[in-house]
There are 2 protein chains.
Amino acid sequence: MYLSRPAEYALRVMTYMALLDPAKRVRARDLSKAVGVPEHFLSKIMRRLTEYGILDAKKGHNGGFVIAKPLSEVRFLDILRAVDFEPSADHCLFGLGNCDAQHPCPLHQEWSILKNQIEQWARSHTLGEADHAAVG
Amino acid sequence: MYLSRPAEYALRVMTYMALLDPAKRVRARDLSKAVGVPEHFLSKIMRRLTEYGILDAKKGHNGGFVIAKPLSEVRFLDILRAVDFEPSADHCLFGLGNCDAQHPCPLHQEWSILKNQIEQWARSHTLGEADHAAVG
DNA sequence: ATCTCAATGGACTGTCAATTCCATTGAGAT
DNA sequence: ATCTCAATGGAATTGACAGTCCATTGAGAT
């Protein structure tokens with residue numbers, strides 16, 4: 001609802017993967033089942049995460065994905081950006097093309113506050129916080 | 001991007017209307033031009049706002065819409081809810097149906113923080129804050 | 001009474017993001 | 001070398017939501 005589907009799914013798989021044994025590769029197919037995201041769509045998302053350097057992919061036998069960095073170094077913001085979701089992208093709520101601090105629209109101030117909060121949220125949380133205890 | 005189109009448009013017209021003479025009714029057609037939202041689509045949105053009691057509508061000659069309450073009593077939250085956008089709607093990011101405080105998913109904590117911030121934002125801002133000086 | 005204007009409501013259409021499909025590539029295993 | 005497995009990449013399809021259309025209702029004005 002605040003996030004695009006790919007953004008939501010990316011956050012979801014990454015969090016799920018964060019709970020797994022980092023030494024073992026996981027296939028997209030298995031992740032798809034575990035996490036409830038259509039297989040091929042998920043593959044496409046994992047590709048973006050791989051290009052972006054967040055995942056490491058390997059083809060063929062015993063292939064699959066692993067997270068490419070220490071969990072505490074993977075910010076939500078990085079995950080979102082990998083799938084082209086930029087939390088602070090400045091799209092003027094008022095529909096104005098030239099809305100900025102110099103030429104603010106009547107909603108500029110309020111909207112900026114929210115955008116900043118969301119960006120700050122994405123910037124300050126990492127996969128290191130994924131709750132191992134939580135089952136759902 | 002965080003908001004649905006109807007939610008964004010609703011916030012936009014309402015903010016625009018907040019700057020107008022509250023004694024004069026405005027036609028949807030005129031608002032549509034002023035605010036850059038397709039006329040019939042906007043009408044549909046205004047209808048929701050009217051049902052919800054935020055706007056007052058009048059048909060026929062000299063008809064149109066006016067805001068039905070003092071600006072400081074119209075919270076962004078009310079506007080969003082009128083168009084069925086509930087900022088704190090609990091849709092588990094992890095895709096789990098039964099995710100709550102008792103059965104948290106691994107993203108529960110982080111996601112709750114963001115949802116609460118957004119809801120708090122919508123709850124604490126009103127049309128009274130619309131910036132009359134801002135032109136865009 | 002009748003005419004015009006503007007909102008109302010619901011059915012219809014278009015568009016783009018979400019999802020699926022398929023052919024290709026590269027890595028291991030035998 | 002060859003076979004199988006899994007990722008890759010792009011083309012094709014689907015579906016949800018954005019946007020359009022039209023017939024109806026109710027309020028003034030003449």
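Proteins come first, then strands; the chains are lettered A, B, ... in the order of their sequence lines, and each starts at number 1.
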Please report the distance, rounded to the nearest Å, between [atom1] in [X] and [atom2] in [N].
X        : N       : atom1 : atom2 : value
His40(A) : dA18(C) : NE2   : P     : 18 Å
Glu39(B) : dG9(C)  : CD    : C1'   : 15 Å
Leu42(B) : dT20(D) : CG    : C1'   : 14 Å
His61(A) : dA6(D)  : NE2   : P     : 8 Å
Asp56(B) : dG26(D) : CG    : P     : 16 Å
Leu3(B)  : dA18(D) : CG    : P     : 11 Å
Arg48(A) : dG9(D)  : CZ    : C1'   : 12 Å
Ile45(A) : dA18(C) : CD1   : P     : 9 Å

Of Phe41(A) and Lys59(A), the one whose closest nucleotide on DNA chain C sits nearer the 5' end is Phe41(A)
Hunt down the Watson-Crick or G-U wobble partner of [N], both distances under 3.5 Å, from any strand shown, or write none.
N       : result
dG28(D) : dC3(C)
dT20(D) : dA11(C)
dA23(C) : dT8(D)

Checklist entry - Side chains of Arg48(A) and Tyr52(A): is there a donor and an acceptor less than 3.5 Å apart? => result no
**Report entry** Parallel, tilted or perpendicular: rings of Phe94(B) and Tyr16(A) (30°, 60°)
**Finding:**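 Tilted.
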Exactly one candidate in Ile67(A), Leu71(A), Val74(A) meets side-chain contact (heavy atoms from CB on, under 4.5 Å) with Met17(A); the answer is Ile67(A)
Of the non-hydrogen atoms in [X] and [Y], which two are nearest, and what is the gap between them?
X        : Y        : result
Val37(A) : Ser32(A) : O-OG, 2.8 Å
Asp56(B) : Ala68(B) : N-CB, 4.1 Å
Pro6(B)  : Phe41(B) : CG-CZ, 4.0 Å

If the cut-off is 4.0 Å, is [X] near the phosphate of [N], judged by side-chain N/O to OP1 or OP2?
X        : N       : value
Asn62(A) : dC5(D)  : no
Tyr9(A)  : dA18(C) : no
Lys58(A) : dG28(C) : yes

- If you take atom types as modelled and just measure distance, does the side chain of Lys44(B) reach the base of dG19(D) with a donor-acceptor pair under 3.5 Å?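 A donor-acceptor contact between them is present.
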Tell me if the side-chain of Arg5(B) makes a donor-acceptor pair with the base of dG19(D), cut-off 3.5 Å, by modelled atom types.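 Answer no: no donor N or O sits under 3.5 Å from an acceptor.
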Q. Taking a hydrophobic cluster as the set of Ile, Leu, Val, Met, Phe, Trp and Tyr residues connected by side-chain heavy atoms closer than 4.5 Å, whether directly or through intermediates, do Tyr9(A) and Leu19(A) fall within one such cluster?
A.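 They do not share one cluster, since no chain of ILVMFWY contacts under 4.5 Å joins Tyr9(A) to Leu19(A).
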5'-most contact on DNA chain D (nearest-nucleotide basis), Glu51(A) vs Gly63(A), goes to Gly63(A)
What residues 11-34 of chain B contributes to the DNA chain D interface at heavy-atom separation below 4.0 Å is none
- Query: Should Glu119(B) and Lys115(B) count as an ion pair when the cut-off is N to O under 4.0 Å?
  - Reply: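 Looking at Lys115(B) together with Glu119(B), the answer is no, because their closest N to O distance does not fall below 4.0 Å.
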